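Notes for the one structure printed next.
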Amino acid sequence: MTSQTVDTFFLDQFTQRFDFKDREDIVFATDQHVFLFNTRSGATQSITKVAYASEVNQILVAKDGTIWVATRIGLLKISLSKGTEQWISLLNEKTGILRIHEDSRGRLWLGTIMKGVLIYEPETGHLNIVNQTKGLSNNMVVSLLEDNDGVIWAGTFIGISMISPEGEVIGKVFKENGLVDNECNRWSQLKLADGRLVFGSNKGLSFIDPQGYKKQIQEGARPQIYLTGLNNQAADQSSAPIDLFQKFKQNEPIVLPASSRNLELSFALSDYSAPEGSTFAYQIEGYSHDWNYIGSQRKLNLNALPAGNYKILLKGADRWGQWSETPVVIPVTVEEFFYNRWWFYLLCALPFGAFFLMWQQRQRGERTRLEREVQNRTAIIKKQADKLQEVDQMKSRLYTNITHEFRTPLTVISGLADMIEQPANAKNLIKNNSQSLLRLVNQMLDLAKLESGHMKLEPMHADVVPYIQYLIEAIQSLAASKEIKLVFTKEVNQLAMDFDEKKLESIVFNLLSNAIKFTPKNGQVILQLREANGQLQLRVTDNGIGISPDKLPYIFERFYQIDDSSTRKGEGTGIGLTLTKELVELIGGEITVQSPGPQGVGSEFLVALPITHKAPLSLPGITPKSAAQPAKHIEQLTGELEENNLLPPADLPLLLLIEDNADVATYIKACLQNRYTVEWAENGATGIEKALEIIPDIIISDVMMPEKDGYEVCETL
Ligand code: ADP
């Protein structure tokens, strides 16, 4: 050899392994670092940062440029493009790697020290272990070669194993098959161009023709696997195992009770020549798809089998890696523990269900009871309310009846007092007292009528100013008797509008009499009349005792009196303002009160009534002047009678008086006897009979009477 034929590179390092990265660069490793050597420039550079202190068994530059370093302490991955170095965690311990092979799928096949072959997928990190349990001839894997079919041939310390791309040991070659020796040497491997594989050993080289060998396997008889024993044992092993083998038939499932779900299976291969070299595997079909490899052991204990129906499959491979053609199939049915059965759940749920139903029923019962209770109480309350209403109505009826009964005798007393001549002061006393009593009775009756909604408006259209003036005059004497100045001011001299004279009289009379009543001697009461905002406004002002602001809201209440003591000054019943307010509201008006305080500063009542023009015009001359005093009609009538010339009895017109009260009848008769021939009927029925009999010129009838009332009398006649 001449010097031109040898290129020498001085690396200055103890070079253990190397590989070509590309045509120019060599990757080589020492026991500390991995270096990159450029053959052109001669430059060397370390590509690892951290020293590892280990023997390097192989360097492999993968197709994607990744540098894989197999060391005694594991697998180092170096990426030059990313500038990273990383120790790959394989079996979570320092797995010594002797050999790396990259297959056509980019997977790394790693021959390990005593851990068999590891198939590692760099992309996913997935690891598949092929070891003696799985049928590998030996776990010390020193060489790896891939044949043209993609089958990996793994040289070990005991024979060579063929591993399918799926990771299954499909064949084994030993000295008996023609190897020069069972023990292969480390790294001593070569694939020839014709596809033959060469493995080196201490005794020499073995040349293997993979195709020929595979053909031989295919043609050779496959072993048969047999079940040789089947026992069932209780979980607590309290009793002796039950032998199921005799009864076992392939098609009938073995039924295991939940309490003893352990099976012990024994099996064997048809080839007994080298039982230690055989491999067995089982699968629980219907539970998992994976085969579980158990090496050469010919007994399998399956404990705590899950409940359900499935099949246990068994297969075996002989010493040469030949797998049995058909597996042993053992159908199994494992019963569920009672506490996992549906009926147990149902049983457990029953008390809860029953409790829930009971609870629900109780709730429903309670609800019904409460509803009934509410109904009962409502009925009681309604009964009480009805009773109260009944009592209230009775009281109102009684109140109305009694007051009504007061009126008739009062009318008689008041009327007859006029006829008494002497003594004059006694006559006046009787008259005044009976009239004030009568006024009170009328007020009470009016209020009852208003509250029951029976009070009707009887408006007429006339000038209201002179009427108010007239009312003032009528009460002047009362003011004078108390030495109070009563002033009337008006902003308009005439105001034509609709008004109900009786109601207006009552309103004005109540306000003025109150003002006079609660104003001391020498005081002043003013009534102002004005027209504003389409309203007739009547303002009654006094400088009397006033009303304290806290009492103001109550003064319109029925029977309310600010001073309700028995020693109070001023008479009254507390219904005057109630009636006034009701009347004002009936007319469609409004009443308000103001009183700055009780210290003699007085009170001010303002009544605003709407001005309307709908009522019929009042006939001239009959603007009422008599309304101020309720008994005035009779008084006037009596007066007129006295003044007129008397006619002889025979020429007098015939008057029929229908009146059930004998006293009233006598009184009216007494009033009229000089002007009329008076016939009397004591009730409506006799009144009608009498009227038809005597055909009177005029009839005066009471309204409320026994048998037939005044309305019926009018209707019939
Ligand atoms: P009474 O019949 O007691 O006058 P009213 O309903 O007319 O009943 O009045 C109720 C109460 O309002 C009176 O008792 C009185 O205390 C108070 N009141 C009414 N008008 C005046 C007023 N002009 N000045 C002071 N107090 C008044």
Side-chain angles (χ1 to χ4, degrees), residues 400-401 403-419 434-435 438 441-442 445-446 449 454-460 500-503 505 615-616 618-627 629-717:
T400 314
N401 288 346
T403 26
H404 191 264
E405 289 313 306
F406 279 149
R407 194 162 61 168
T408 312
L410 275 172
T411 310
V412 176
I413 294 166
S414 172
L416 283 177
D418 282 331
M419 294 177 184
S434 59
Q435 271 179 8
L438 194 60
V441 166
N442 280 335
L445 284 173
D446 281 352
K449 222 171 173 184
H454 287 109
M455 180 74 98
K456 295 274 170 312
L457 270 182
E458 290 164 24
M460 61 174 205
D500 180 324
E501 49 161 338
K502 277 217 177 103
K503 276 131 203 144
E505 180 206 337
S618 74
L619 295 172
I622 62 157
T623 301
K625 300 238 169 178
S626 54
Q629 289 158 323
K632 202 92 178 176
H633 297 284
I634 296 166
E635 198 179 56
Q636 266 185 342
L637 194 59
T638 323
E640 276 169 27
L641 282 176
E642 280 160 6
E643 283 160 26
N644 282 332
N645 292 328
L646 301 176
L647 289 170
D651 296 338
L652 292 181
L654 185 57
L655 183 148
L656 174 61
L657 176 65
I658 311 174
E659 168 64 63
D660 59 329
N661 187 301
D663 288 348
V664 178
T666 312
Y667 165 60
I668 296 174
K669 248 180 172 173
C671 294
L672 303 173
Q673 62 192 357
N674 295 330
R675 295 279 291 166
Y676 297 92
T677 304
V678 180
E679 282 289 327
W680 176 48
E682 71 278 7
N683 64 46
T686 47
I688 293 168
E689 273 173 30
K690 215 160 197 159
L692 294 172
E693 187 191 314
I694 62 172
I695 315 288
D697 295 305
I698 187 165
I699 298 174
I700 295 178
S701 173
D702 190 6
V703 177
M704 284 167 67
M705 287 179 296
E707 311 255 341
K708 281 187 176 162
D709 65 17
Y711 295 114
E712 273 189 271
V713 172
C714 290
E715 250 169 56
T716 317
L717 294 177

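Note that this is a predicted model, so its numbers are computed, not measured.
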Closest heavy-atom pair and its distance - [X], [Y]:
X	Y	value
Val664	Asn661	N-OD1, 3.1 Å
Asp500	Lys456	OD2-O, 4.2 Å
Trp680	Ala665	NE1-CB, 3.3 Å
Glu712	Ile688	O-CD1, 4.3 Å
Leu652	Arg675	CD2-O, 3.3 Å

Distance (rounded to the nearest 0.5 Å) between [X] [atom1] and [Y] [atom2]:
X	Y	atom1	atom2	result
Lys708	Ile658	NZ	CD1	11.5 Å
Ile694	Ile699	CD1	CD1	8.0 Å
Met705	Glu659	CE	CD	7.5 Å

- Please tell me if the side chains of Leu657 and Leu672 come closer than 4.5 Å, counting only heavy atoms from C-beta onward. no

- Message: Do Pro696 and Leu655 make a side-chain contact, defined as non-hydrogen atoms from C-beta onward lying under 4.5 Å apart?
- Response: no

- Task: Check step by step if side-chain contact (heavy atoms from CB on, under 4.5 Å) holds for Met704 and Asp709.
- Result: CA-CA 5 Å; Met704 284 167 67; Asp709 65 17; 5.9 Å; no

- Could you list all the side chain to side chain donor-acceptor pair (under 3.5 Å) pairs where at least one residue sits in residues 687-706, not counting sequence neighbours? none

